[in-house]
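See structure below.
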Amino acid sequence: MQKVAVVCHDAGGAEVVSNWMEESTSFKFMSLLAGPALRIFTDNLRSANCSNCDDLDNLVAECDWLLCGTSWQSSIELDAIKKFRSANKKTVAFLDHWVNYEERFEIGSKLVLPDEIWVGDHYAFQIANEKFKTTPVIKVGNAYFNKIKNQFLDLSSKGPQDKISCLYVCEPIKEHAFLKYGDARYWGYTEEDALEYFLTHRLYISNHIETVVIRPHPSERSDKYNWVLEKYGDEINLEIGGKLSISEEISNSVLVVGCESMAMVLGLLADKVVISSIPPGGKCCSLPHKEIKSLQNVVRKNNASAV
């Protein structure tokens with residue numbers, strides 16, 4: 001039985017890789033984990049035959065090939081790709097999103113590409129093939145999405161509601177921009193800008209939004225958005241989310257809003273209305289899913305109809 005090295009840091013990659021491992025019974029696994037991946041692997045792995053490793057050289061020596069996620073917060077996956085390729089062992093990176101593909105493989109000005117790139121859906125397959133002409137791209141399906149869809153089916157669905165509950169899913173946008181480009185406003189907006197744009201324009205979506213649950217990203221502090229409660233708490237019922245699972249918080253909502261988070265795509269899987277809150281001056285939402293609406297467009301249409 002082949003032994004597969006698994007290296008992950010960021011939450012998105014950890015979700016797709018760990019759930020793929022749970023469905024793959026013909027391998028043994030040895031993992032080197034850091035950051036949000038530590039908790040996610042603990043939560044997700046039940047049946048996978050997996051042992052832990054804390055040294056990359058040992059991982060290369062013990063395993064037959066590498067499967068990793070991709071990260072913007074860490075170089076752990078790219079370091080592993082370099083080590084395994086130097087040892088003439090196969091390397092595979094699983095892309096968990098639909099944006100910033102080339103950036104995920106950059107160290108300085110150089111691309112560190114694996115032997116294969118795996119993706120979970122046709123959107124990612126198309127984008128990755130356009131970006132990486134000489135690297136094989138393989139669509140293997142998305143075990144994480146399969147699990148989430150099953151969870152939505154298991155959760156009790158609510159009937160039509162007079163009042164709308166909204167889940168706002170956050171991302172560390174300015175941290176990512178500063179780390180990569182040295183400019184927190186590189187993309188023309190920050191996570192605070194987008195959240196305030198939504199809160200100040202929410203009535204353009206519906207005047208029946210009763211509750212907004214603000215869910216920090218897994219890499220963010222749980223108290224990062226407490227300031228919103230003080231600034232807008234008198235206007236609308238606001239809560240800080242993250243106490244329930246993402247599938248539970250999406251299931252409890254009618255509307256899912258964010259910038260370009262994977263959680264917005266999970267909202268589509270649950271047949272929720274999904275809206276991007278990127279404000280004017282910010283770059284366009286890079287998610288390719290046509291079902292995602294733009295709050296800017298909603299505002300423009302409302303203003304045009306009022307003239």
Side-chain angles (χ1 to χ4, degrees), residues 6-17 20 34-37 65-86 89-142 144-145 171-191 194 217-219 258-265 276 278 282-290 292:
V6 176
V7 178
C8 286
H9 182 282
D10 283 14
E15 290 284 11
V16 296
V17 170
W20 178 87
W65 57 280
L66 168 71
L67 173 63
C68 65
T70 60
S71 297
W72 63 268
Q73 295 176 299
S74 171
S75 65
I76 184 173
E77 290 100 338
L78 299 185
D79 293 338
I81 290 173
K82 290 195 295 183
K83 283 272 190 179
F84 272 80
R85 296 205 71 172
S86 295
K89 293 187 176 183
K90 178 181 174 181
T91 58
V92 178
F94 206 140
L95 290 173
D96 62 276
H97 210 279
W98 302 268
V99 302
N100 304 324
Y101 276 7
E102 289 172 311
E103 292 177 8
R104 293 166 182 264
F105 297 105
E106 288 179 352
I107 294 183
S109 60
K110 294 184 178 181
L111 282 179
V112 179
L113 292 172
D115 298 302
E116 289 180 3
I117 291 173
W118 287 4
V119 296
D121 63 272
H122 69 280
Y123 288 118
F125 184 75
Q126 181 178 3
I127 297 168
N129 272 300
E130 291 173 355
K131 296 291 185 183
F132 308 111
K133 302 293 187 182
T134 60
T135 303
V137 178
I138 300 172
K139 186 168 70 172
V140 298
N142 193 318
Y144 176 50
F145 282 7
E171 301 169 70
I173 294 162
K174 63 185 181 186
E175 183 182 351
H176 187 183
F178 185 80
L179 183 66
K180 185 65 182 176
Y181 300 104
D183 179 3
R185 303 191 65 84
Y186 179 82
W187 288 301
Y189 72 105
T190 67
E191 55 267 48
H217 188 270
S219 65
C259 294
E260 48 185 25
S261 164
M262 180 194 285
M264 295 162 65
V265 180
S276 173
I278 295 176
K283 74 179 186 68
C284 294
C285 177
S286 300
L287 293 174
H289 306 76
K290 296 180 176 59
I292 296 175

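All of these numbers come straight from a predicted model, not from anything done at the bench. Atom set for the values below is all heavy atoms of this structure, side chains included, hydrogens, waters and symmetry mates excluded.
Checking side-chain atoms of Glu103 against main-chain N and O of Trp72 turns up no donor-acceptor pair under 3.5 Å. Side-chain atoms of Asp96 do not come within 3.5 Å of backbone N or O of Val16 as any donor-acceptor pair.
Tested against Lys180 for a salt bridge (charged side-chain N to carboxylate O under 4.0 Å, His left out), the candidates Glu175, Glu102, Glu106 yield a single pass: Glu106.
Between Tyr186 and Ala177, the shortest heavy-atom contact is CB-CB, 4.0 Å. Residues Ile76 and Ser74 come closest through the heavy atom pair N-OG, 3.0 Å. Residue Ala184 comes nearest to Thr190 through the heavy atom pair O-CG2, 4.1 Å, listed as atom of the first residue, atom of the second, then distance. The shortest non-hydrogen separation linking Cys8 to Gly69 is SG-N, 3.7 Å. Closest of all the heavy-atom pairs between Val99 and Ser286 is CG1-CB, 3.0 Å. Considering every non-hydrogen atom in both Cys284 and Ile278, the closest pair reads C-CD1, 4.1 Å.
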For this session: For Ser276 and Met264, run side chain to side chain contact (heavy atoms under 4.5 Å, CB included): C-alpha distance rounded to whole Å, both residues' side-chain angles, the deciding distance at 0.1 Å, then the answer.
Result: CA-CA 8 Å; Ser276 173; Met264 295 162 65; 4.0 Å; yes

Problem set entry | Evaluation steps, side chain to side chain contact (heavy atoms under 4.5 Å, CB included), between Thr70 and Asp10 | CA-CA 7 Å; Thr70 60; Asp10 283 14; over 6 Å; no

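A donor atom on one side chain and an acceptor atom on the other are found under 3.5 Å apart for Asp121 and Trp98. For the residue pair Glu171/Ser261, the side-chain donor-acceptor check at 3.5 Å is not satisfied. Between the side chains of Lys89 and Ser86, not a single donor N or O lies within less than 3.5 Å of an accepting N or O.
Relative orientation of the His176 and Trp187 rings is perpendicular, given thresholds of 30° and 60° on the angle between their planes.
Annotation: side chain of Trp65 is in contact with side chain of Leu67 (closest heavy-atom distance under 4.5 Å). Side-chain contact between Ile117 and Ile138: absent, with no pair of heavy atoms (C-beta onward) separated by less than 4.5 Å. For the pair Val119 and Val137, the minimum side-chain heavy-atom distance is below 4.5 Å. Residues His122 and Gln126 are not in side-chain contact: their nearest non-hydrogen atoms beyond the backbone lie 4.5 Å or more apart. Contact annotation: the side chain of His97 approaches that of Leu287 to within less than 4.5 Å [non-hydrogen atoms, C-beta and beyond]. The side-chain heavy atoms of Glu15 and Phe145, taken from C-beta on, include no pair separated by under 4.5 Å. Side chains of Ser219 and Gln73 form a contact here, defined as non-hydrogen atoms less than 4.5 Å apart. Considering only heavy atoms from C-beta on, Pro114 stays 4.5 Å or farther from Phe94 through its side chain.
Expressed to the nearest 0.5 Å, how far CG of Leu113 lies from CD1 of Ile81 amounts to 7.5 Å. Expressed to the nearest 0.5 Å, how far NZ of Lys174 lies from CG of Leu179 amounts to 14.5 Å. With values rounded to the nearest 0.5 angstrom, His217 atom NE2 is found 10.0 Å from Ile173 atom CD1. We find the CZ-OG distance between Arg104 and Ser71 to be 8.5 Å, quoted to the nearest 0.5 Å. If you take CD on Glu116 and OG1 on Thr91, they are separated by 8.5 Å, rounding to the nearest 0.5 Å. Atoms CG and CD1, from Asp79 and Ile107 in turn, are 5.5 Å apart once rounded to the nearest 0.5 Å.
A centroid separation of less than 6.0 Å is found between the aromatic rings of Phe105 and Phe132.
Ion pairing between a basic and an acidic side chain is recognised when a charged N comes within 4.0 Å of a carboxylate O; Lys283 and Glu260 show such pairing.
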